[in-house]
Amino acid sequence: MMRTKPRALRVKTMLVSVFTALTLVGCSSIPTSSPVGHIEDDSGDAGANNARIPDGPEPGDSPSDIVRGFLRAGAGAGNNFSVARSFLTEGEAQKWSPQESVSVLPNGTDPDSLNVGTTSDQKTMSISPPVVGLVDSSGVYNSTEPGTRSTMEFSLRQENGEWRISSAPDGLLISQTDFQTIFLNYSLQFFTSDYSYLVPDSRWFLRSSSTPTVLMNELLSGPAPYLSGAVITSIPDGAKLSDSDSNVVTIENGVANVALGPQNPAPSDREKGLIRQQIATTLQVIPSISAIDLSIGGQTVPASLQPKTDTSVQVDGPPVVLADDHLSRVSGTTVAKVENSPNLKKAKASDPAVSLDDSLYVYLADDGKQLMRLKSDAVDATPILKGTKLVRPSIDRFNTTWTGEAENKGELKAIGRDGKSSTVAADFLNGRQLIDIEVSRDGTRIVLLSRHKGEPDRLDVVGIPRDKAGNPSGHVSETPIEVGANFHEIKDVSWAGSTSLVALAAEEGESAQPFRIGVTGPAEQLGEVSDGSRIAGGVDGRSILVTGADGALYSYNSNAWQKLVDVEAKDPSYPG
């Protein structure tokens, strides 16, 4: 196992701690003096062949050349980072743990552009690079707050007449381009509490022949902390890859061979099928894998036991908006009034939402003091919650409506289809201003947009523990993950698929624009929309709407924004 050193990469932010060792790639023989030529990749991932092969050290390189070369070589993962190790002394090359953590530089920044501080004897060097993202030891990507920097210190000495690094911080420091070339986003699969859907747990790992084994070990370890209590696994605690197969997943002719050790008590056929489904759905995103062969305690688990569970909740209905003082639905380039919608001109209405089955509409009235609900077969809307200033409601797949007070005391409100209201604790919101909430369509997670005076706006994604009937417990998970921390302002947010959000966001001093943000991953700008006020994303992440402050409605199609002519609407929201 790779070590964790006391001098490991230190990141100066309250939200990130030093990471523990990550054992993704087994150790092999390590060259320490000469550079390595072409590196063959056998991951089965065509994208891995695009990885840059870095240069090793040259005779006569200065200490500064050696440090910069070492940092550049972090983009070359071949042969267990053999090129990067060639910049280290023989002893340090054996100890250095490259994948303890991954620090991602901002766009336009690479190791060559960093200032390297050095002592007069050139034996100690340090750099303080800016960092926009950190991948922890389990592959979870955490965005960092604006201005975050790491501190990296190096010690050097001469070995065989050439400068080499005798002490290097564990972990990698790479550009965003290199990160998205040599790392890939994978999803571990877990179940909703009622086993109706598979829920992705997004992680980042090297494109490597060892990736199937890494994914299996992380799957056996359970979900990320922010999903605690919100998803379940069919795999018993303590389950491990079988010793008889050297604790690895092997691939032969496109078939991944996964051998789990014996389990006590032995799983039922139903439990075996669920275990097989979790494993198969997790592994079959790897291009080189077309099927799996699973055994538990030496006994084969046939594919016939594997159930068919949906991996996402389908959104069949069009988005709802407020248009011409009525609840309306967007259909193509037109907007049509909901048949039984009341006239909302005097209601001071805003923020409509519609259930996945189109049976319920909700909206805020009286400037957010009342939450109203309209059933599709009813004549009139009825109030289901009163408040001081409620935020935009969201309806989950159980037809529970979620909202909360803007001036928040660490709690959310959940109103069931029967009209019964319950309080769900979210302690980390206490004292913050809640701006928006959106429940994921599978009902396992909720994204919360909040702000506090003098601080950047904050997006937290956190799991919703539920019972088997789908009722939320009295609190959300206690370990939210902060998303999109690089932004200073976030005006609005929406789910756009199972692993992504869309948001109107901006860095300090800039105007808010539409971005797609991975729940654990970097952000990607989606063009520009002038003066956007609200954003809504569909299940596929491509059906995105933005409304402008003047009521203009824009649709994102073919990587471009198109204005819907002669349409004026506000507050768009897709079902769920």
Side-chain angles (χ1 to χ4, degrees), residues 313 317 319-323 325-329 337-426 429 433-441 443 446-449 464-467 469-476 494-495 534 536 570-576:
V313 180
V320 61
V321 294
L322 288 179
D325 299 319
H326 288 86
L327 298 173
S328 303
R329 306 294 289 269
K337 180 176 78 71
V338 171
E339 186 175 347
N340 60 334
S341 170
N343 189 312
L344 301 175
K345 186 173 184 177
K346 297 181 180 180
K348 298 181 181 179
S350 66
D351 305 295
V354 60
S355 62
L356 284 163
D357 61 7
D358 293 338
S359 66
L360 297 176
Y361 293 88
V362 295
Y363 58 92
L364 297 179
D366 194 18
D367 287 332
K369 292 183 175 63
Q370 288 197 95
L371 176 64
M372 307 294 293
R373 183 167 66 185
L374 175 68
K375 295 184 178 181
S376 59
D377 57 356
V379 175
D380 298 314
T382 57
I384 56 173
L385 184 69
K386 292 184 178 181
T388 303
K389 180 64 175 177
L390 300 172
V391 301
R392 179 167 63 176
S394 179
I395 306 177
D396 66 26
R397 68 182 177 92
F398 302 99
N399 285 342
T400 296
T401 302
W402 293 75
T403 186
E405 289 283 0
E407 298 301 325
N408 207 270
K409 296 181 180 180
E411 57 187 35
L412 306 172
K413 292 292 184 182
I415 304 95
R417 188 180 179 90
D418 58 3
K420 184 179 178 180
S421 174
S422 61
T423 298
V424 179
L429 287 176
Q433 183 184 4
L434 183 61
I435 307 301
D436 190 16
I437 69 175
E438 291 274 344
V439 181
S440 65
R441 292 182 174 94
I446 189 167
V447 57
L448 301 160
L449 170 58
I464 305 173
R466 297 178 184 265
D467 60 25
N471 301 309
S473 70
H475 60 86
V476 297
S494 170
W495 286 93
R534 286 294 177 88
K570 67 175 185 176
D571 301 349
S573 179
Y574 278 87

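The model shown is predicted, which means the values in this text are computed figures rather than measured ones.
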Inset, instruction - Evaluate the side-chain proximity of V362 to L371: yes if any heavy-atom separation is below 4.5 Å, no if none is. - result: yes
Legend entry - Donor-acceptor under 3.5 Å (S494 side chain, A536 main chain): no
Legend entry - CG-OG distance between L385 and S421, expressed to the nearest 0.5 angstrom: 5.0 Å
Inset, instruction - Determine the minimum heavy-atom distance between E405 and T388, stating which atoms define it. - result: OE2-N, 2.8 Å
Legend entry - Qualifying residues under salt bridge (charged side-chain N to carboxylate O under 4.0 Å, His left out), relative to D358, sequence neighbours excluded: R329
Inset, instruction - Say whether S422 and K413, considering side chains only, have a donor N or O and an acceptor N or O under 3.5 Å apart. - result: no
Legend entry - Main-chain N/O of W402 paired to S394 side chain as donor or acceptor, under 3.5 Å: no
Inset, instruction - Mind checking the CG-OG1 spacing from L390 to T403? Nearest 0.5 Å is all I need. - result: 4.5 Å
Inset, instruction - Please round to the nearest 0.5 Å and tell me the distance separating atom CD1 of I415 and atom CG of N399. - result: 12.5 Å
Inset, instruction - Output yes when K346 and D325 qualify as a salt bridge under the 4.0 Å nitrogen-oxygen rule, no when they do not. - result: no
Legend entry - Within residues 387-397 or reaching into it, pairs that qualify as salt bridge (Lys or Arg N to Asp or Glu O under 4.0 Å) - sequence neighbours excluded: D194-R397, R392-D436, R392-E438, R392-D492, D396-R466
Legend entry - I395 side chain near T400 side chain, heavy-atom distance below 4.5 Å: no
Legend entry - N340 side-chain N/O to A378 backbone N/O, donor-acceptor pair under 3.5 Å: yes
Inset, instruction - Taking all non-hydrogen atoms of both residues into account, name the closest pair between V424 and A414 and its distance. - result: CG2-CB, 4.2 Å
Inset, instruction - May I have the step-by-step check of side chain to side chain contact (heavy atoms under 4.5 Å, CB included) for V354 and L327, ending in yes or no? - result: CA-CA 10 Å; V354 60; L327 298 173; over 6 Å; no
Legend entry - Heavy atoms from other residues, nucleotides or ligands near NZ of K337 exceed 12 (cutoff 6.0 Å): yes
Inset, instruction - Please report the closest heavy-atom contact between R441 and L356, naming both atoms and the distance. - result: O-CD1, 4.1 Å
Legend entry - Validation row: K375, L360 side chains within 4.5 angstrom (heavy atoms): yes
Legend entry - From OG (S376) to CG (L374), nearest 0.5 Å: 8.0 Å
Inset, instruction - Work out which heavy atom in P319 is nearest to a heavy atom in Y574; give both atom names and the distance. - result: CD-CE2, 3.7 Å
Inset, instruction - For the pair Q433 (side chain) and N408 (backbone), establish whether a donor and an acceptor sit closer than 3.5 Å, ignoring hydrogens and angles. - result: no
Legend entry - Interatomic spacing from CG in L448 to CD1 in I437 - rounded to 0.5 Å: 6.5 Å
Legend entry - Given L344, D351, V320, the one that forms side chain to side chain contact (heavy atoms under 4.5 Å, CB included) with Y363: L344
Legend entry - M372 CE to D380 CG distance, which is reported to the nearest 0.5 Å: 9.0 Å
Legend entry - D366 (side chain) donor-acceptor with Q370 (main chain) under 3.5 angstrom: no
Inset, instruction - Please determine, by modelled atom types, if S355 and R417 share a side-chain donor-acceptor pair under 3.5 angstrom. - result: no
Legend entry - Shortest non-hydrogen contact from P352 toward S573: O-CB, 3.4 Å
Legend entry - Pairwise side-chain contact, K570 with V321, heavy-atom cut-off 4.5 Å (strictly under): no
